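To keep things clear, I will list the structure first and then write my remarks on it.
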Amino acid sequence: MSTQEAVLTAPHAQPKAYTGLMDWLTTTDHKKIGLMYLIFAFFNAWVGGILAGLIRWHLWDPAHSPFNGAQYNQIMTMHGTTMIFLAAMPAFAGFGNFLVPLMIGARDMAFPKLNAFAFWIMFPPMLMLHLSFFAHSGAAAGGWWSYPPLSSSQFSAGAGENLWIIAVILLGISSILGAVNFLVTIADMRAPGMTWMKMPMFVWAWEVTAWLLLIAVPVLSGCMVMLLSDRLFGTGFFRPALGGDPLLYQHLFWFFGHPEVYILVLPGFGIISHVLPSFASKKVFGYKGMVYATCCIGLLGFFVWAHHMFTSGISPAAREFFSVASMAIAVPTGVKIYSWLASVWGGTIRFTTAMKFGLGFIALFILGGLTGVMLAVVPFDVTVHDTYFVVAHFHFVLFGGSIMAMMAGLYFWFPKMTGRHLSEKMGNLHFWLFFIGFLWVFTPMHWLGMEGMARRVATYRPEFAFWNKFISLGFLIMLTGAILFLINVVKSCISGERAVGDDPWQINELQQGLEWMTSCPPPAYNFDEIPVVE
Amino acid sequence: MSLASSRNGYAMHTNQTVTAPHVATGSAHGQAHDPAAHAPAPSLWPILLAAALGILVTGLYQIATDISWGKLLTVVGFLGTVVTALGWASTIIVERRQMDPLQTGVDLRKGFLYFLISEGAIFGTFFAHVYYLRAFAPHWPPVGAPHLATTLPAIGTLLLVGSSFTFNWGHHSFLHGKKGAAKNWLLLTAAMGITFLGIQGFEWGTLQNFDKFTLKQGVFGSGYYIMTGFHGLHVMIGLLMIAVVYFRMERGEFNDKYHFSLTAAEYYWHFVDIVWVALFFTIYLF
Ligand SMILES: [Cu+2]
């Protein structure tokens, strides 16, 4: 017993102090890790964006294209893969890492080293993916969904596909460990008095997201193990000749793939629930309803996966079930959208850049949600399946939803992260370039799809040439916005307007999070005293 | 000792709280005690382990595709992984002595259980695969698949289920201060686990050599080898954990407050056991 006490009262070991680069490589500070996640995501968003540019360059003219079909397939596959696994997921992990402990009044995540590991373990797969372009037969070319038999060794013989699969498994490890960390942090480390129903919406969003990651990502990993083993060891999981079934791959993949959509958008919902009320000088409307709606979306998300498979040969009864279940998700989503509108309604609105991105999110996300309900209708889906209508739909959800929300969050919390504001002037321009550029690029895809332009194909019928040129020009608008954003971030980090006080937006009164109660940027230990919520 | 500071893990200071967040005047830095003590210490282990794992995976992949330097990379990556994992674990053991053992224990147990849910989902994917194919196949097991003998696997099942109990008794003995008995129970558990693996290995050998049944012959073989193989890998990891726990118990590193690795090893062992029972019914009996 005495040794026990001696151990407990021993003086704190002096942490080894590193400086410069070593400080970042060895840090276990959730804020630094969060920032590194964001930088990682930003870098990869540029890679994915450049790949998108190559796609638009290729589709400028249906007859004279810079790449051949095989190269186009690689570019398209890696655009999707990079944006989803290396840009969007790490970006929200970055927001979560930086904000969740601050919002709940903790000094760090529950497992700071595990947190650092979950970040660093993304580097080997990132290198594998980017470098696979230089592999003997190029990068993976089976799309981000990588369906067999297209992804089998028969049709995708090269190393690119193997590297892709291994990278996805490794990235899964990062996601799962991150999810474990978030779940324990949120469950155990809330400040005294912060009950579950007093938690900020962003924390709730991450709670549900972490559960989705914990259950959905391992299914992808298991599925990828089987696919890899089919390719390398000659097993027959998805090979009909050996009794396997490629359709099973689609079931498993989309059992992950649909919750993945919510993994990519729920944290964005969380961000919006902070930004909109703040700049409308109101508290978030219908908090309880928002919480239940978030949980409901997460739960329902596990029962709708086969809406991606209406043309794959599933039974009519299955089509019926998954169609109705998919439409049912519109209900909790509607609850959220009306609550956001009510959070703004009648308020004194400050049109900051963050607010503009927040309102832009609502406009674009509603459109993406509506086309989602259309696609849940089986006859309509069968008509436009594999056309640009679907491309338009999910870009409205993932760009109009996720990325607009990320931008809103970044302009909102940048002072907290760095101690300086992003330039509102450049931000304003950035917003309009993104908003208009986005609509310019993706709106015409709706009617291109309805007229029959096939997605995933390296060329198109000549009569679609006008709109494809139009869309490719719109890419330049978005690119200009992205360059402006890059300049804004770099410039503001160096010489941006300094954040005044702990609460530079003067919104602490309206917020449930505790992040505005410590300095900008917060000290390494976050709070001098752990706040108590009453 | 106030709850707030111990919950947040990094120090044992008495907590003087500021009042409600939305009334408080914001943070006042430079208080009496040293708040820097709250910050988690930096560590090289995470980035080193990530690098080692990256090298290991690259090496394994190169072995699988017959690239010449795969073996070297695999050895380097494997050693790196073991060394960094052990280094990391020992750092945590030291650090926990400065924190609240109850709260860190709760955190670690919870985190481990969440992790096991994920593991369960991976196994669930394989099970989903078998049941899906059975539902649509005209014959199951498919024509040409060998009839799996059930006697030896049934003995293996009894051993593994039994070892869950012996592990539990070991844990109980330890909690009641009977360290000698606890170590014996652990040894017995490990022996049962090793026998189980032996039975599995014998079955693999028989199937491959006499029945010429391999994982390439059809989806039944693929599922059989991947599932028993993946499970066997988990048994091996479980045995490794038991070895570490035994060694640490021998050195007297555990007491009634610090024995998370004992708990974790036991959770893991039960998990592996439950998965096996499901696997036994799915592959051998039905
Ligand atoms: Cu879906």
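Since the model is a prediction, treat every value here as computed from it, not as a measurement. Here is how names work: the chains are called A, B, and so on, in the same order as the sequence lines, proteins then strands, and each is numbered from 1.
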**OP:** Give the minimum heavy-atom separation between Leu232(A) and Ala64(B), together with the two atoms involved.
**Re:**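 What the structure gives for the nearest pair is CD1-CB, 4.0 Å.
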Original post:
What are the two closest non-hydrogen atoms of Gly243(A) and Leu133(B), and how far apart are they?
Top reply: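 Gly243(A) and Leu133(B) have their closest heavy atoms at O-CD2, 3.9 Å.
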Side chain, backbone, both or neither: which part of [X] has a heavy atom under 4.5 Å from chain B?
X: His30(A); value: neither
X: Val225(A); value: side chain
X: Pro124(A); value: side chain
X: Ala179(A); value: neither
X: Met128(A); value: side chain
X: Leu25(A); value: both

Side-chain heavy atoms of [X] within contact of [Y], under 4.5 Å:
X: Leu183(A); Y: Lys110(B); result: no
X: Phe237(A); Y: Phe126(B); result: no
X: Ile117(B); Y: Trp211(A); result: yes
X: Ile226(B); Y: Phe233(A); result: no
X: Leu242(A); Y: Gln217(B); result: no
X: Glu95(B); Y: Lys113(A); result: yes

Original post:
Which residues in residues 49-61 of chain B have a heavy atom less than 4.5 Å from any heavy atom of chain A?
Top reply: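 Leu49(B), Ala50(B), Leu53(B), Gly54(B), Val57(B), Thr58(B), Tyr61(B), listed by number.
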Under 3.5 Å donor-acceptor pairs involving side-chain atoms of residues 164-176 of chain A, not counting sequence neighbours:
{"residue": "Trp164(A)", "atom": "NE1", "partner": "Thr81(A)", "partner atom": "OG1", "Å": "2.9"}
{"residue": "Ser174(A)", "atom": "OG", "partner": "Ala118(A)", "partner atom": "O", "Å": "2.7"}
{"residue": "Ser175(A)", "atom": "OG", "partner": "Leu171(A)", "partner atom": "O", "Å": "3.3"}

Subject >> Partner set under salt bridge (charged side-chain N to carboxylate O under 4.0 Å, His left out) for Glu119(B), not counting sequence neighbours >> reply: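 Partners of Glu119(B) by the salt bridge (charged side-chain N to carboxylate O under 4.0 Å, His left out) criterion come out as none, since no residue qualifies.
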Subject >> Asp230(A): salt bridge (charged side-chain N to carboxylate O under 4.0 Å, His left out) partners, not counting sequence neighbours >> reply: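 With neighbours one apart ignored, the set is empty.
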With only heavy atoms counted, which part of [X] is less than 4.5 Å from chain A, the side chain, the backbone, both or neither?
X: Tyr132(B); result: side chain
X: Thr91(B); result: side chain
X: Val94(B); result: neither

[atom1] of [X] to [atom2] of [Y]: how many Å apart, nearest 0.5 Å?
X: Thr125(B); Y: His251(A); atom1: OG1; atom2: NE2; value: 14.0 Å
X: Arg239(A); Y: Ser222(B); atom1: CZ; atom2: OG; value: 8.0 Å
X: Phe238(A); Y: His129(B); atom1: CZ; atom2: NE2; value: 6.0 Å

Based on non-hydrogen pairs under 4.5 Å, which of [options] is most in contact with chain B?
options: Leu214(A), Leu177(A), Val180(A), Ile121(A); value: Leu214(A)
options: Pro218(A), Gly236(A), Pro101(A), Gly222(A); value: Pro218(A)
options: Leu213(A), Asp245(A), Asp29(A), Thr27(A); value: Asp245(A)

Subject >> Exam field: side chain Thr26(A) to backbone Pro42(B), donor-acceptor pair closer than 3.5 Å >> reply: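 Such a contact is absent between Thr26(A) side chain and Pro42(B) backbone.
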Subject >> Side-chain donor/acceptor of Thr235(A) to backbone N/O of Leu215(B), under 3.5 Å >> reply: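 No; zero donor-acceptor contacts below 3.5 Å.
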**OP:** Flag the one option from Gly218(B), Ser118(B), Pro142(B) with the top tally of heavy-atom pairs under 4.5 Å to chain A.
**Re:**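 The answer is Ser118(B).
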Original post:
Checking side chain to side chain contact (heavy atoms under 4.5 Å, CB included) for the pair Leu247(A)/Phe136(B): CA distance, chi angles, key distance, verdict?
Top reply: CA-CA 11 Å; Leu247(A) 197 61; Phe136(B) 291 98; over 6 Å; no
Original post:
With ring centroids as reference points, do Trp88(B) and Phe117(A) lie under 6.0 angstrom apart?
Top reply: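 Close enough - the centres of the two rings lie under 6.0 Å apart.
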**OP:** Evaluate the criterion side chain to side chain contact (heavy atoms under 4.5 Å, CB included) for residue pair Met22(A) and Leu44(B); output intermediate values, then yes/no.
**Re:** CA-CA 9 Å; Met22(A) 277 302 279; Leu44(B) 258 176; 4.1 Å; yes
